[in-house]
Each structure stands twice: as structure tokens, then as C-alpha cells.
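Let me begin by presenting the structure, written as C-alpha cells, before commenting on it.
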Amino acid sequence: MRFKRVFLVCLDSLGVGEAIDANNYGDTSANTLGHIMESHPLFVPNLKKIGFLNTISMNDEETEAYYTVARPTNPGNDSLDGHYELMGVVNREPFQNFTENAFPRELLEVIATKTRRKIIGNVVGEGEVLLERLGGKQMEYGALLIYTSNGSNLKVAAHEEVIPTVKLYEICQIIREITKKQEWKVGRVVAKPFTGKVGAFKFTKESREFALDPPGKSLLESLSEAGYATICFGKVADCFNAKGVSKIIKTKSNLDGLTKFTDVMTKKFTGLAFINLSDFDCNFAHKCDTLGYAHAIEELDVELAIMFNKLNNDDLLIFTADHGCDPTLGGNHTRENVPVIMFSRAFKEPRQLDIMDSMADIAATIAENFGVDAPEIGTSYLDILK
């Protein structure tokens with residue numbers, strides 16, 4: 001075992017250029033990081049020195065970390081697709097996506113019958129906008145405000161005074177069971193409790209995702225079965241239905257997550273700590289806010305100095321992403337390559353690596369390090385890291 005602790009940071013939606021099959025998704029010319037930098041030059045000295053900016057053009061420049069990009073191979077652009085692949089899980093059948101016309105009447109009728117709740121909404125859109133339009137009616141009717149946005153998901157919003165959050169979770173579990181049917185099989189059912197009054201509604205921090213069990217054995221399960229720690233932050237555990245997760249740490253924002261993540265760096269454990277920083281995606285990319293996205297990247301850069309200082313010589317720190325979401329192309333998920341940065345104090349020859357054929361190469365590298373079963377897909381880079 002070369003590294004006792006591996007810290008994996010998923011920068012949700014921070015793609016670095018169109019994937020080789022981007023045309024199949026209508027995403028040619030997508031480049032989340034590149035277009036953000038064109039709109040707002042970034043001051044990110046810490047990210048720059050570990051090769052992060054080099055992943056856009058793959059310029060072979062001096063760096064303090066190994067860097068490259070990884071190609072997505074699982075079908076789809078959703079967080080679930082990306083997280084599965086990062087943990088070595090093959091997902092051969094894409095999830096159902098209802099972002100063109102929202103959900104079919106047959107599905108809504110079943111949901112209404114099973115939950116005994118009126119349904120309003122059934123639209124494609126952003127939650128904050130829908131709260132302004134329909135939040136009052138949700139309270140008046142005690143209804144489920146159902147919508148979808150940017151990927152394979154079914155979101156259910158309800159005011160916490162009308163439908164308590166715990167009850168909303170129960171309702172979403174019922175909907176999760178309903179949507180296991182193939183023609184309605186969304187990747188995630190998302191509970192979205194909100195609070196406030198008409199004209200001032202806002203979502204709480206108690207959003208919760210109800211995913212499916214992974215279609216194959218993930219690296220998390222392999223590590224857990226071998227007795228290693230698998231500490232998951234943010235929505236990571238939700239993506240895997242908590243299978244193989246030894247500890248769940250909820251986060252409220254990127255900065256809250258990074259604070260908790262760096263705190264874990266001071267603890268003694270052997271295994272994997274895996275965080276998703278979702279603000280990039282949900283707070284900025286989907287809202288086409290390039291300036292906000294740029295500022296969030298710069299905030300991450302500030303936190304990097306703290307993270308570097310907390311690393312031991314036998315730690316490995318990896319940065320990557322789960323998909324793209326180019327805010328200059330409408331705010332929908334985009335089929336992009338993802339950055340891969342591997343940093344350790346022990347590295348003597350950091351440099352640019354060949355492009356990875358799959359995001360699962362990350363899982364394969366971590367698996368070999370801990371001596372657990374290799375994932376179904378992915379090639380280990382462990383021997384290359386000197």
C-alpha cells in the first residue's frame with residue numbers, strides 16, 4: 001500500500017472540453033472550464049501549479065502534480081452516471097430523461113394514487129422560479145410540486161409547514177419505488193423542502209436524493225468489505241444509496257464541505273474520503289452564471305493551500321469531475337472530458353499523463369493501491385505515479 005489515505009474531490013460539472021462522443025449529445029463545442037476562463041480570467045495560483053489549467057489544452061508544462069483528462073464511457077450526462085464511472089461501475093442502460101415534455105400522465109396518476117396527494121407543476125425548469133410561481137398553490141392544496149431539470153431526475157418540492165420534511169422523504173421513497181419501472185426509471189428522486197412566505201420562498205438545506213442501488217459493485221463496496229474507511233461527503237452517499245459507505249457527512253455548501261473535508265484530513269484512518277462540491281453545478285452552471293462559477297473556482301483555490309498543509313507524505317489527493325455543464329450553452333449538462341489531478345508530497349516526477357480512456361481509471365488506481373478487487377472497468381495508473 002503506497003497511500004494510506006486517498007482524498008477524492010469531485011468538482012461537480014467542471015468539464016474541460018467536449019468528449020469524443022459529444023456530437024451524440026448535441027454538445028459539440030462544450031468546454032465548461034474553458035468558456036468560464038474566456039468570460040472571466042481566473043486567479044487560481046494553487047490550481048495552476050498542480051496543472052489544473054493545463055487540462056484544457058493538455059499543454060505539457062512544469063507542474064507539481066500528475067495531470068490529464070478522462071473520457072466518459074457510461075452513457076448519459078447525469079451526476080449518477082459520472083459518479084458510477086468514477087467508482088468503476090458500468091451503467092449500460094441510460095436512465096430515463098423527461099426534460100423535453102416533463103412526466104407522462106400515467107406516471108403522475110400512479111404517484112397521486114399511491115401518495116394520496118394532488119400534483120401540481122409537472123414542468124421542466126429551475127426550482128427557485130417554480131417556487132415563485134407555484135409555491136403558494138402548493139401550500140394551499142397541500143400538493144406535491146413535481147418538476148425535472150437538467151438530467152434524469154424527478155424533484156418533489158413541498159413547504160415544510162404543509163408537508164414536514166420527514167414526511168416528504170417518505171413520499172419520495174414511495175415515488176422511488178414507483179419509478180423503478182423501466183419506462184419511468186429516473187436516476188434520482190429528489191426531495192426539495194422549502195420554507196418562507198409567498199414572495200420569499202426558499203429551499204432549505206435538507207434536500208435529499210433517493211437514487212437506485214448501483215448496477216454493479218462499486219469501489220466503495222470493495223473497500224468497505226476489505227475493512228477500509230469510506231467517508232462520503234455531500235451527495236456522494238446518495239448517489240450510491242449508501243452501499244459501501246462507512247460514514248456520511250452532510251454538507252451545506254462548497255465551503256462548508258471543504259471545511260469538513262479538511263477537518264477529516266487531521267484524523268487517523270486508512271481508506272477513501274470522497275466529496276462532491278455541488279455548488280458549481282446547481283448554484284452557477286444551471287443558472288448560466290459564469291461570474292459566480294468563476295468566483296467559486298477561486299474560492300476553491302484559496303482552500304487548496306489549507307488542504308495541502310494537512311496532507312501526510314503517504315496521502316494521495318485527486319481532483320476530478322462527474323460531467324460538464326457549460327454555462328455558456330444554456331445551463332444543461334454537457335458531454336465533456338473531466339480533469340484528473342493527482343497530488344502527493346511523495347511524488348518525485350509529476351508530469352502530464354496520457355489521456356485516460358475512462359473515468360473509471362481513477363477507481364482502478366485506488367483499488368490497486370489498497371489491494372482490493374479491480375473494478376469491472378478502468379486501468380490503474382498506480383505504477384506510473386512516481
Side-chain angles (χ1 to χ4, degrees), residues 8-19 25 27 30-37 39-40 42 52 70 72 74 76-86 95 97 99 124-129 147-155 186-192 203 205 207-209 211 232-240 250-258 261 274-300 303 319-339 359:
L8 177 58
V9 182
C10 178
L11 312 174
D12 199 317
S13 83
L14 225 171
V16 290
E18 64 182 71
Y25 294 79
D27 292 332
N31 192 325
T32 301
L33 179 58
H35 289 153
I36 289 170
M37 290 183 63
S39 302
H40 308 284
L42 296 172
F52 185 72
N74 273 344
N77 282 341
D78 196 71
S79 287
L80 210 55
D81 304 309
H83 281 73
Y84 280 173
E85 190 168 338
L86 288 173
F95 297 111
N97 191 309
T99 54
V124 181
E126 288 302 316
E128 289 82 359
V129 176
Y147 65 103
T148 187
S149 63
N150 299 297
S152 179
N153 56 66
L154 186 156
K155 299 183 179 182
V186 292
R188 296 172 294 148
V189 174
V190 187
K192 299 284 291 184
F203 288 113
K205 300 295 184 180
S207 175
R208 182 175 171 185
E209 299 188 358
C232 292
F233 300 73
K235 69 181 186 182
V236 174
D238 289 340
C239 286
F240 295 91
K250 291 296 182 182
T251 62
K252 298 178 180 179
S253 65
N254 279 5
L255 289 179
D256 177 61
L258 288 168
F261 196 65
F274 185 4
I275 188 171
N276 174 283
L277 300 178
S278 62
D279 285 359
F280 295 121
D281 189 50
C282 61
N283 288 356
F284 307 112
H286 290 317
K287 298 176 182 178
C288 301
D289 183 359
T290 54
L291 179 59
Y293 208 137
H295 287 165
I297 296 172
E298 291 178 337
E299 287 178 345
L300 168 67
E303 297 299 313
F319 291 94
T320 189
D322 51 350
H323 54 74
C325 191
D326 191 329
T328 69
L329 297 180
N332 294 318
H333 289 169
T334 42
R335 185 72 167 179
E336 297 185 49
N337 296 329
V338 300
M359 295 155 62

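Numbering of residues begins at 1 and proceeds along the displayed sequence. Everything numeric in this text was worked out from a predicted model, so none of it was measured.
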Are the side chains of [X] and [Y] in touch, meaning some heavy atoms are under 4.5 Å apart?
| X | Y | result |
| --- | --- | --- |
| E303 | F261 | no |
| D78 | F95 | no |
| E18 | T334 | no |
| P72 | N337 | yes |

E336 and its side-chain contact (heavy atoms from CB on, under 4.5 Å) partner, picked from T32, D27, L14: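 That would be T32.
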Residue of the set V338, D326, L11, V16 for which side-chain contact (heavy atoms from CB on, under 4.5 Å) holds with L33: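 Testing L33 for a side-chain contact (heavy atoms from CB on, under 4.5 Å) against V338, D326, L11, V16 leaves exactly one candidate, V16.
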Closest non-hydrogen atom pair, [X] against [Y]:
| X | Y | answer |
| --- | --- | --- |
| I275 | L258 | CD1-N, 4.2 Å |
| F280 | D12 | CB-O, 3.2 Å |
| K287 | C282 | CE-O, 3.8 Å |
| G76 | Y25 | N-OH, 3.0 Å |
| H83 | F274 | CD2-CZ, 3.8 Å |
| S152 | G187 | OG-N, 2.7 Å |

From CA spacing to verdict: side-chain hydrogen bond (donor to acceptor under 3.5 Å, both in side chains), D81, N74: CA-CA 6 Å; D81 304 309; N74 273 344; over 6 Å; no
Hey, could you give me the [atom1]/[atom2] distance between [X] and [Y], rounded to the nearest 0.5 Å?
| X | Y | atom1 | atom2 | value |
| --- | --- | --- | --- | --- |
| N31 | T328 | CG | OG1 | 8.5 Å |
| F284 | C325 | CZ | SG | 12.5 Å |
| F52 | I297 | CZ | CD1 | 6.0 Å |
| L42 | H295 | CG | NE2 | 9.5 Å |
| C10 | N276 | SG | CG | 5.0 Å |
| R335 | N77 | CZ | CG | 6.0 Å |

side-chain hydrogen bond (donor to acceptor under 3.5 Å, both in side chains) between H40 and T290, worked out: CA-CA 8 Å; H40 308 284; T290 54; 3.0 Å; yes
Donor + acceptor pair across side chains of H323, S79 (<3.5 Å):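 Note: H323 and S79 side chains meet the donor-acceptor criterion.
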S39 side chain to Y293 side chain, donor-acceptor N/O pair below 3.5 angstrom: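 No - no donor-acceptor pair under 3.5 Å links their side chains.
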Please answer whether the main-chain N or O of [Y] pairs with a side-chain N or O of [X] as donor and acceptor at a distance below 3.5 Å.
| X | Y | result |
| --- | --- | --- |
| S13 | G324 | no |
| T148 | N153 | yes |
| T320 | P339 | yes |
| E209 | R188 | no |

K250 and D256 ion-paired at < 4.0 Å: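 Between D256 and K250 there is no salt bridge, as every charged N stays at least 4.0 Å from the carboxylate O atoms.
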